[in-house]
Structures are given as C-alpha cells and as structure tokens.
Protein chains: 2
Amino acid sequence: MPFEKEREVLSGHIRNKNLKHSEQRQIILEVFLETEKHLTAEELYLTVKKKVPSIGYATIYRTLKLLIEAGLCREMQVENGVTRYEHHYNHEHHDHLVCTKCGKFVEIFSPDIEKLQEKIAKKNGFVLERHRLELYGVCGACRR
Amino acid sequence: MPFEKEREVLSGHIRNKNLKHSEQRQIILEVFLETEKHLTAEELYLTVKKKVPSIGYATIYRTLKLLIEAGLCREMQVENGVTRYEHHYNHEHHDHLVCTKCGKFVEIFSPDIEKLQEKIAKKNGFVLERHRLELYGVCGACRR
DNA sequence: ACGATATTGATAATAATTATCATAATAAAT
DNA sequence: ATTTATTATGATAATTATTATCAATATCGT
Ligand SMILES: [Mn+2]
Ligand SMILES: [Mn+2]
Ligand SMILES: [Zn+2]
Ligand SMILES: [Zn+2]
C-alpha cells in the first residue's frame, strides 16, 4: 500500500477536526504524492481531472489547504507570484535554488546560514519564526 | 532643492530612452522619495491623489516601473503577496526582517550569509544572479 | 505654431484565489 | 436499511492586484 503513512496522517487530521472522508480527497492526496515535483494548483487540477473528470477547481484549493493543515504539504512561491506546493511529510526544512532560464529547482540547506539568520534576528530583538530564502541564477546546462 | 540627484537620474533615464517629462512623473517621484517607508502601489496612489486628484492608478504603476528601470526604486514582496516599493538609489543591497505582529521592517545585511549563498550556488553549478531572503519573527515591542 | 510621438486616465481584461450556495455524499443514530 | 445532521462538492460569482487598450491630451524638437 503506497503512501500508507501519509494516508493515516490525513485520516487522523480528518477525524481530529470532525471532517469527512471523500473520494476526491483520497485521489488528490494520491496524485499530489505521486508527482515528485513542486507543482502548481493548476498542474494538480489537470492531473486529477484525468482520473476524476468532474473535479472542481475549488476542491483542489480546498484540499491543498487541508493537506497543509495536516502537515502533508508546504506552500511556496517563487519570484513571479505563482504558488507551488511541495511534499512536507517527512521532509526536512530546505530552501531553493532556481534556474531563471529553465526553471530547474535544486533543494538546498545550509546549517551555517540558518545559524546566521538566528543571530541576526536575536541581535535585532526578534524571536525568529520562519524565513524564506531563494537563490536565483543560471544552471550549468543552461549556460552553454 | 531636495532629491536633486534622484531627479537627475530620472531625467537622464527619460532622455536616454527618448521618453518625455510630465508633471505626474515629477510628483510621483517626489512623493515616493518623501515617504520613508516600504510602500504599496495603493499607498502611493492615495498620497499622490492628494496633490493631483485626477491621477490614474495606471500612471502609478507605469511610473513605478519607470523608476525601477531608472534604478531609483526596488520592488519587493512580503509573504502574503502584496508588492511593496522601496528607495533604491544610493541604497546598498539589503534583506528584511519583518515582525509578524506589527509589520515592522528592519533592514538587514550579512556579508557572511551572502558569501555562503555564493558558495552554495557554485557548488551546484549555478551562476548566481540574485536572491531573496526574508526573516519573519516577533519584535521586542510585540512580545510584552 | 506644427507635427510626430509619448503620456495619461478611464475602463476593460487577466489571472489566481476565495466566497457563495444549492445539491450530493458521508457517517452516526435509529 | 432509513433517517438525520452535517460536511463536501462543483458551478459560478466575487475579489484583488496588476496589465492592456485606446481615445484624448501633453511634450518637445523643428
Ligand atoms: Mn523543495
Ligand atoms: Mn528595505
Ligand atoms: Zn537551467
Ligand atoms: Zn512587532
């Protein structure tokens, strides 16, 4: 059974909040997890539509919100303002390096940068809650 | 004469691109420079409207774009997706620390973080063009 | 002053997301 | 299995921020 853990997380959240299961929610979760990339609501909508042609756009957005609340999904936006969604369950925190030519994503993480961020926040009297770090450049493949 | 340098920069850009001067552009620049904060298009629009009641929204957006091209203005967006504009002429590059309670902005800069970013990009075969770093937390004043 | 060109303001269009609401599905109680 | 209360769904309208369109106006070199 694929994604058993994730299914359980969603079920737990649904039970917890007195919500109800639905075929749509199951399929959206499945498609979301099967797709190993940072996808937009539209991409998810179109893929789900192949399995459930009657699916509505609103259900995609609603379910994405639900997945975020359940800790299965993370919202992220890149430059232009298009929101993308990525797997969050069992994924460590990371930031992104993005190619401005081909759109390629690389996931990055630097404990050193994270420490420096904390230091800066503290120096200014802030208690840090979260941060956003995105690096934009041209990847090796796009440079020749 | 206040903002003489900035006026010259805009004039130069206008001459350079064979554009034309206008009362509106002068006043928008003035109001933008007088307002010492990170403002939204709407805030700028409302302030300019007090001096030039006939001003159109489109002119605000168009002129902001012009100021950006001229190097006088920098566009930035914070979390929610509202675009803000800040002074760019004679301002060093910096990132932002934002209070999630009161919205206070602190401008930050860390050469160490900048260096580490370069290092990460290089390690992944990227040539870095720019980055976005925003830290979110609660400021001292908001914590008691 | 003239004429070519750029600018303006009103308004329509766009795009992404959220709100509304009648209908359908779910799940618990009978 | 039926009933019942509640939530979910899909169609569509509304919203928000920004950009495009276009006729009327302003600018600037001659
Ligand atoms: Mn990622
Ligand atoms: Mn700033
Ligand atoms: Zn690339
Ligand atoms: Zn604060």
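The nearest whole Å value for the distance from the CD atom in A:Q24 to the P atom in C:dA25 is 9 Å. Rounding to whole angstrom units, CD1 of residue A:I14 and C1' of D:dA8 are separated by 11 Å. Atom CG of A:N18 and atom P of D:dA8 are 10 Å apart (whole Å). Regarding B:Y61, its OH atom lies at a distance of 18 Å from the P atom of C:dT11, rounded to whole Å. Rounded to whole Å, atom P of C:dA24 lies 18 Å from atom CD of A:E23. B:L64 has its CG atom 12 Å from the P atom of C:dT8, to the nearest Å. Rounded to whole Å, the distance from CD1 on B:I27 to P on C:dT8 is 11 Å. Straight-line distance from the NZ atom of B:K17 to the P atom of D:dC28: 18 Å, rounded to whole Å.
Using a 4.0 Å heavy-atom criterion, one finds that B:R62 contacts the bases of the nucleic acid, with or without backbone contacts as well.
Partner of B:E86 under the side-chain contact (heavy atoms from CB on, under 4.5 Å) criterion, out of B:M76, B:E36, B:K37, B:E75: B:M76 alone. No option in A:L128, A:L133, A:D95 other than A:D95 meets the side-chain contact (heavy atoms from CB on, under 4.5 Å) test with A:E114. For the pairing with A:T47, the side-chain contact (heavy atoms from CB on, under 4.5 Å) check across A:I55, A:I27, A:V31 returns one residue only, A:V31. Of the options A:L33, A:L67, A:L66, A:L29, a side-chain contact (heavy atoms from CB on, under 4.5 Å) to A:C73 is made by A:L67 and by none of the others.
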### Task
Apply side chain to side chain contact (heavy atoms under 4.5 Å, CB included) to the pair A:K5 and A:Y89, showing each step before the final yes or no.
CA-CA 9 Å; A:K5 278 282 183 188; A:Y89 180 73; 3.6 Å; yes

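Ring pair B:H38/B:H94 is perpendicular by interplanar angle, where above 60° counts as perpendicular and below 30° as parallel. A:Y57 and A:Y45 have parallel rings, their planes meeting at less than 30° on a 0 to 90° scale where 60° marks the start of perpendicular.
Using a 4.0 Å cutoff on non-hydrogen atoms, the parts of residues 39-60 of chain B near DNA chain D are B:A58, ordered by number.
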When you compare the protein's N or O atoms with those of nucleotides 27-30 of chain C, which come within less than 3.5 Å of each other, and at what distance?
unit_1: C:dA27; atom_1: OP1; unit_2: A:H21; atom_2: N; d: 3.4
unit_1: C:dA27; atom_1: OP1; unit_2: A:H21; atom_2: ND1; d: 3.3

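Between D:dT27 and B:R25, no contact under 4.0 Å exists linking OP1 or OP2 to a side-chain N or O. Dashed line: the shortest gap from a side-chain N or O of A:T83 to OP1 or OP2 of C:dT17 is under 4.0 Å.
For the residue pair A:E129/B:T100, the side-chain donor-acceptor check at 3.5 Å is satisfied.
B:R143 places a side-chain N or O within donor-acceptor distance of the main-chain N or O of B:V138, the cut-off being under 3.5 Å.
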